[in-house]
Amino acid sequence: MSANISVMGLIFASMHDSSIIDLTKLRTMGSVPFGGRYRLIDFPLSNMVNSDIDDVGVITKSNYGSLLDHLGSGREWDLSRKNGGLHLLPPFSHVGTGIYRGRLEALAGVWEYVEHSPAEYVVLSDCDIVTTIDYRPMIRAHIESGADITVAYSKGFYDKDVNQNATLLGIGEDGMVDDVMIDPPMRGTGNLCMNTFVLSKSFLKQLVKEKMSRNQYSLSRDVLQDKAAGYRITAYEHTGYVARMDSLSSYYEANLALLNPENRNGLFKKSAPIYTKIMDNGPVRFGLESDIQNSLIADGCIIEGKVENCVLFRGVKIGKGTVVKNSVIMQNTSIGSKCSLNCVITDKDVEIVDDRVLTGSQSYPLYISKGAKI
């Protein structure tokens with residue numbers, strides 16, 4: 001980033017929680033585990049750090065205890081500092097419940113923090129998309145275009161019957177957004193909004209004040225779709241690997257997609273590492289009868305059975321004679337002997353006793369809630 005351009009980042013940790021409610025009953029979207037050792041917030045947060053944005057606010061909503069524990073002081077992201085750094089912003093709104101209804105209301109609630117930042121520009125991001133993106137070219141494109149808002153998008157397949165909370169963009173030959181559709185009744189390839197925006201802080205302030213005075217709180221519906229307001233919105237295409245978490249099945253598919261080296265290399269780049277909380281677990285321990293095929297296995301696991309096409313998080317234990325296929329097994333799950341699991345998602349700290357058979361499907365994986373004993 002140019003020394004003459006100052007930028008702050010704001011991450012909405014709880015937008016779209018309802019999309020994967022099974023995983024967000026006890027946590028925010030941002031703290032949902034992903035890929036064996038990460039949380040979803042690690043991706044936008046690391047993208048900001050790798051883009052030289054060192055003043056980042058994380059806007060929470062509810063059930064954010066695990067998020068606070070994960071982020072801590074921000075040391076793992078080099079954001080534990082006196083000037084700028086990582087700031088955890090509690091939920092607040094102007095309505096009776098104290099919980100904001102949309103991005104604009106959330107911004108109004110934390111505006112004092114935003115106001116005190118010396119930044120000229122603001123990058124807004126959600127946590128429902130996993131990707132690696134350099135925000136610096138997007139910020140430069142925004143400044144050069146003279147637009148009010150720049151929105152990132154990627155080309156992808158959309159199906160109303162499968163996808164939720166999707167925003168599709170119509171883009172003119174001049175690169176300006178000329179149509180915005182939210183959950184349209186259609187199926188096919190389109191320009192899918194990545195819920196990532198760049199605005200000047202002065203314009204964002206004007207926008208928040210104006211919309212709140214009209215009791216409007218949704219950035220998508222009350223700003224992007226407000227053609228009468230005449231906002232100049234330009235589109236920025238991101239061509240890298242993108243995975244969207246808009247259902248339990250898409251979360252499942254996104255994890256297993258990492259078993260493909262092409263996808264894994266597209267997401268995890270040496271030039272732009274994804275940082276996360278360090279746990280200092282021991283190495284994986286394989287039993288004499290273990291059999292591992294095409295799987296991602298995090299540190300601290302003890303495997304004495306067969307694992308095929310799976311993502312195993314830290315500290316997972318798999319007993320003798322057990323076969324686990326096509327599954328996502330989260331941290332500290334213990335699976336006994338002579339079990340059979342196929343197309344299963346276990347949350348953290350699940351205990352599965354001996355001789356259990358659990359089967360889901362690729363379209364409808366079987367989910368076992370946190371701390372359950374079966």
Side-chain angles (χ1 to χ4, degrees), residues 20-27 31-40 42 66 69-70 130 243 245 247-260 263-264 276-374:
I20 49 174
I21 192 65
D22 290 317
L23 295 172
T24 56
K25 286 177 182 177
L26 301 174
R27 56 167 73 94
S31 58
V32 169
F34 181 81
R37 61 194 300 266
Y38 302 93
R39 303 292 184 105
L40 291 183
D42 292 338
S66 62
D69 177 68
H70 179 71
V130 169
M245 310 296 145
S247 66
L248 187 64
S249 60
S250 67
Y251 168 82
Y252 169 80
E253 291 168 3
N255 273 276
L256 295 189
L258 296 181
L259 301 178
N260 182 329
N263 295 335
R264 202 161 59 243
T276 191
K277 182 179 180 180
I278 298 172
M279 300 295 288
D280 295 325
N281 295 87
V284 181
R285 194 172 82 196
F286 299 102
L288 294 176
E289 299 176 9
S290 64
D291 180 7
I292 315 299
Q293 298 179 27
N294 190 39
S295 297
L296 288 179
I297 301 176
D299 45 331
C301 292
I302 300 175
I303 303 174
E304 298 184 275
K306 180 177 181 178
V307 178
E308 182 178 341
N309 300 326
C310 292
V311 175
L312 271 54
F313 286 70
R314 293 164 167 149
V316 170
K317 297 178 182 178
I318 296 178
K320 292 182 179 180
T322 288
V323 178
V324 183
K325 296 182 178 181
N326 309 307
S327 296
V328 178
I329 310 298
M330 291 191 199
Q331 187 171 328
N332 295 328
T333 290
S334 176
I335 304 174
S337 302
K338 298 180 181 179
C339 295
S340 175
L341 278 70
N342 188 23
C343 298
V344 173
I345 300 173
T346 71
D347 211 314
K348 295 174 60 178
D349 304 317
V350 167
E351 181 181 352
I352 301 173
V353 299
D354 297 346
D355 302 310
R356 290 292 187 262
V357 177
L358 302 171
T359 304
S361 68
Q362 297 283 346
S363 301
Y364 299 98
L366 175 64
Y367 170 73
I368 302 174
S369 59
K370 181 179 178 180
K373 181 176 181 179
I374 299 176

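Keep in mind that the numbers below use all heavy atoms, side chains included, and drop hydrogens, waters and symmetry copies.
Under the 4.5 Å side-chain criterion, counting only non-hydrogen atoms from C-beta, D42 is not in contact with K277. The shortest side-chain heavy-atom distance between N309 and K325 does not fall under the 4.5 Å cut-off. Side-chain contact check for L248 versus S250: every heavy-atom pair is 4.5 Å or farther apart.
With salt bridges taken as basic N to acidic carboxylate O contacts below 4.0 Å, one links D347 and R27. A salt bridge links R314 and D299; the closest N-O separation between the charged side-chain nitrogens and carboxylate oxygens is under 4.0 Å.
At distances below 3.5 Å, at least one donor-acceptor pair connects side-chain atoms of Y367 with backbone N or O atoms of D22. No donor-acceptor distance shorter than 3.5 angstrom exists from the side chain of S334 to the backbone of K317, with no hydrogens or angles considered. Without hydrogens or angle criteria, S361 side chain to Y364 main chain gives a donor-acceptor distance under 3.5 Å. Panel note: side chain N255, backbone G35; a donor-acceptor pair is recorded below 3.5 Å. A donor-acceptor pair under 3.5 Å is absent between the side-chain atoms of S249 and the main chain of S247, judged by distance alone.
With no hydrogens or angles considered, a side-chain donor-acceptor pair links T333 and T346 at under 3.5 Å.
For CZ of R264, the number of neighbouring non-hydrogen atoms (other residues, nucleotides, ligands) closer than 6.0 Å is greater than 12.
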